[in-house]
Amino acid sequence: MHVLKTVTKSSMMKKLALLLLAIFVFFYAARAQQNVNSKNDTIRTALMRRMVNHTLSKADSAMLILHLTKIHKIDTVRSVINGKGLDEKNMRMDSIELKLASCDFENEVNAMILYDLGTMSGSSTGISVQRHKRIKIFNEKGVGAANIRLDYTNQFGAEQIDEIAGRTINLINGKVEYTELDPKLVYHEDKDKYHQAIIFSMPNVKAGSIIEISYAWQRTAPRALPGWDFQSDLPTSYSQFAMQLYPDARFSLLDRTTFHMAKDSTIFGGAGHVWAMSNVPSLKNEPFIRAPDDGVQSLKFLLSSVTSPLGGTVDLAGSWATVGRWVVEDKEWDKAFNQNINDKEGLVKQAKKFPDVDAKVSFLFNQVKTLMKWNGEKNWTSKDGIKKAWQDKSGNWAEINMVLCRLLNQAGVKAYPMLASTRDNGKMFRNFPDIQQANKLVAYVEVSPSQYYVLDASGKYNNYNEVPFDLLNSYGLYLNKDQGIYDMVFLKNDNPVKQEVRIVADIKPDGTMVGTAQVNSFSYNKTNALQLYNQLDEQKYMQGLSDNDNNLKILSLKLQNAAVDSLPLTQEISFTLSLPGTDDNYIYFNPNLFTGLHTNPFINERRFTDIDLGCNYLFSINGRYKIPGGYKIESLPKNQVIAIPGDDISFRRTVFEQDGYIIVNYVISYKKSFFFPKDIYYKVYDYFKKMNELLNEQVVFKKS
């Protein structure tokens, strides 16, 4: 989430919070006064008694139940952590954990979470989560896990974290010793106006230590429910989250778990629910993931509606249509965007002269993209309005694209704002209407049910006729206030994005190659190349083109069609290459040049997150290499085709000799851009391993 968009969103959330508060006070207050405290305690007690995990061994279950017995409510946690009420059995259990030398389900980790337990309960005044976590430090490299940071925000209503308790447990000369967290070492940090953190480092931590913390997190807005991450950067032996549900409330659940659940059941006759996972591996840095959070084993909750005992239901955002209407009817949001702009450049008048929608969209998009500069603010709302942004010719994401919407509509093209999410922000889900999933506003033009434009004029390298790469494979919510239509559109690009490499070269008897290459980059490949070229100096850019191969020297580089949207970026390259491994009798060379395809991105046999390539691709690599004088072909790669079932990903290699030349053609095709690892990863893993071997197979010449 980004800070600047809270200017308007915070006002929306405050209004919603007040509405919710009134609703809950009306028909929960009396019942809450009598039942909340006892019910919360009952839930905690039941959790510790009913926490039966069939995936754990009996010894592990006994250990965990013992710890749960010590923490049935926050006061008890604080007493235990501060060293009070410890008995011989508890200390013996601590001694057993202190002797753990490694994680039994993930190798070579420096620390692990023994358990992470959370209990959420609600009342008419807000939401509370009580959390207790225990971490084992295995070696000196794991000591950093003792630096604790608890982030919170007041963006959705006042939040606070209190009742913090902690201790470090060590085994000294066979005796268990406890060091309490000194409250004076707990610091508050104001990151900005809306985001705060509590920071502290656990005392006396060393290799072999156990650290244990507990705290209470509270939020006054009843609708803004916290989620739960079962997974983190450390492996977790056991993670459990329990929640108390309101009998007359309805919740939306975004279940982003693919691992087996150790616990997933209702409790207290449907008044609550408990989820648990055991042996959860740590998060991995996996290639082709949209955003790190998209791969986390997690649950997210949303209060969608409340039913009154007197009859009737209040819709609090049970659908995206409700969310969309809520956004456009907000007075601050509408005031900022429903403004006239002075078109002194006469752009609308010029656009009206074009004969069709495509030409009008192209013209106005490129004009706004050229005239306005993105000010670096990532926001889907506006503080000062689009009139000022247009005057200054500078604005945030939303302001630039709302200016474009305004101009398009004045030129007779129906354009609407669309809320979307960038790749680093994660996905928007059709079945989970949470406005916090969005972080960007773009312009949306529907030409027909099968053709639309998604326009982001804040991006210097974006094109009008393709969905920005940063938004692909997620939903966008377009806001048609005129007709009251607020619908979700899945943003994709089914057209294959092409990259062509053509090489003509002579191989000399001394083991050198001299030649020219032409690299044609289409669509997003063009965008990426231009952006990289402008960010780097030419020398560093050429090093990237050569894949940092010191044997490959680029003598000259010329770019063509950089400013022509309808044509690919053409890079004309002249080069020399010293062929490694050459001796008095043999010359070796690899035709895989200027492709960036030298390494296999899928090196792990297991994958936990979805594979998101963004779009479909088509690589074509063609080479014509003159055989060196005095040499003959010793070994030539065989023609071969490999593919995963269904030909969603395929590789074809054709190599042959013709009139004294080696002719090489590689074609790599990605017909799908998204794969679920649970169903297909082992096939993807095998395919890329084989393709990498084939791409790097060498041609061998022998002196005749």
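Because the structure is a prediction, the values reported are computed rather than measured.
- E212 is not listed as a side-chain neighbour of S214, based on a closest heavy-atom distance of 4.5 Å or more.
- Checked for salt-bridge contact, K99 and D94 miss the test: no charged N lies under 4.0 Å from a carboxylate O.
- Every side-chain contact (heavy atoms from CB on, under 4.5 Å) that I680 has, sequence neighbours left out, goes to I644, F675, K683, V684.
- Here the side chains of W217 and S128 are not in contact, with every heavy-atom distance at 4.5 Å or above.
- The shortest distance between side-chain heavy atoms of L171 and V176 falls below 4.5 Å.
- The shortest non-hydrogen separation linking N439 to S421 is OD1-CA, 3.2 Å.
- Looking at residues two or more places apart in sequence or on another chain, you find a side-chain contact (heavy atoms from CB on, under 4.5 Å) between N139 and N110, K141.
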For a side chain to side chain donor-acceptor pair (under 3.5 Å) check, start with the C-alpha distance between N592 and T595, then their side-chain angles and the critical distance, and finish with the verdict.
CA-CA 7 Å; N592 183 14; T595 66; 2.4 Å; yes

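- Interatomic distance, CD1 of I213 versus CD1 of I211, reported as 6.5 Å (0.5 Å rounding).
- Using a 4.5 Å heavy-atom threshold, the side chains of Y682 and R607 count as separate.
- No donor-acceptor pair under 3.5 Å is formed between the side chain of D229 and the backbone N or O of Q231.
- Panel note: side chain Q297, backbone T258; a donor-acceptor pair is recorded below 3.5 Å.
- Between E180 and R167 there is no salt bridge, since no side-chain nitrogen of the basic residue lies less than 4.0 Å from a carboxylate oxygen of the acidic one.
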Evaluate the criterion salt bridge (charged side-chain N to carboxylate O under 4.0 Å, His left out) for residue pair K206 and E140; output intermediate values, then yes/no.
CA-CA 7 Å; K206 60 191 74 175; E140 290 296 332; over 6 Å; no

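- Put simply, the side chain of N170 never gets that close to the backbone of I172: no donor and acceptor are under 3.5 Å apart.
- Scanning both residues, P287 and P601, for their nearest heavy atoms gives CG-O, 3.1 Å.
- Salt-bridge annotation for K284 and E106: present, with a side-chain N of the basic residue lying under 4.0 Å from a carboxylate O of the acidic one.
- Proximity of I210 to L98: side-chain heavy atoms (C-beta onward) are separated by under 4.5 Å at one or more points.
- Taking the charged nitrogens against the carboxylate oxygens, E189 and R149 do have a contact shorter than 4.0 Å, which makes a salt bridge.
- Cation-pi contact between K440 and W380: absent, since separation from the ring centre below 6.0 Å together with deviation from the ring axis within 45° is not met.
- Across W228, F301, F230, a single residue satisfies ring pair (Phe, Tyr, Trp, His ring centres under 6.0 Å) together with W275, and that is F301.
- The one candidate from Y681, F602, Y617 that meets the ring pair (Phe, Tyr, Trp, His ring centres under 6.0 Å) condition with F288 is F602.
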Given S209 and N204, is the side chain to side chain donor-acceptor pair (under 3.5 Å) satisfied, shown in steps?
CA-CA 8 Å; S209 297; N204 198 24; over 6 Å; no

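- Pairing each heavy atom of Q437 with each of K427, the nearest pair is OE1-O, 3.5 Å.
- Of the charged side-chain nitrogens involved, none lies within less than 4.0 Å of a carboxylate oxygen, so that R256 and D293 do not count as a salt-bridged pair.
- We find the CZ-CG distance between F594 and D549 to be 9.5 Å, quoted to the nearest 0.5 Å.
- Between R131 and D116, at least one side-chain nitrogen of the basic residue sits less than 4.0 Å from a carboxylate oxygen of the acidic one, meeting the salt-bridge criterion.
- No side-chain donor-acceptor contact under 3.5 Å links Q196 and T153.
- With sequence neighbours left out, Q535 forms a side-chain contact (heavy atoms from CB on, under 4.5 Å) with Q531, L532.
- For the atom pair CD1 (I199) and CG (D151), the distance works out to 8.0 Å, reported to the nearest 0.5 Å.
- Side-chain atoms of R290 come within 3.5 Å of backbone atoms of L472 as a donor-acceptor pair (strictly under, hydrogens ignored).
- Counted by atom type alone, Q539 and D537 present zero donor-acceptor pairs between their side chains at under 3.5 Å.
- A donor and an acceptor atom, one from each side chain of H273 and D264, are located under 3.5 Å apart.
- Side-chain contact between S282 and D233 is absent, with no heavy atoms from C-beta onward closer than 4.5 Å.
- Judged by distance alone, the side chain of S232 and the main-chain N or O of L234 form a donor-acceptor pair under 3.5 Å.
- Between L491 and Y475, the closest side-chain pair of non-hydrogen atoms is not below 4.5 Å.
- Nearest heavy atom pair, residue D547 against residue G596, reads OD1-CA, 3.5 Å.
- The nearest pair of heavy atoms linking F432 to S252 is CE1-O, 3.5 Å.
- Q130 places no side-chain N or O within donor-acceptor distance of the main-chain N or O of M120, the cut-off being under 3.5 Å.
- Among all heavy-atom pairs drawn from N604 and Y685, the shortest one is O-CD1, 3.3 Å.
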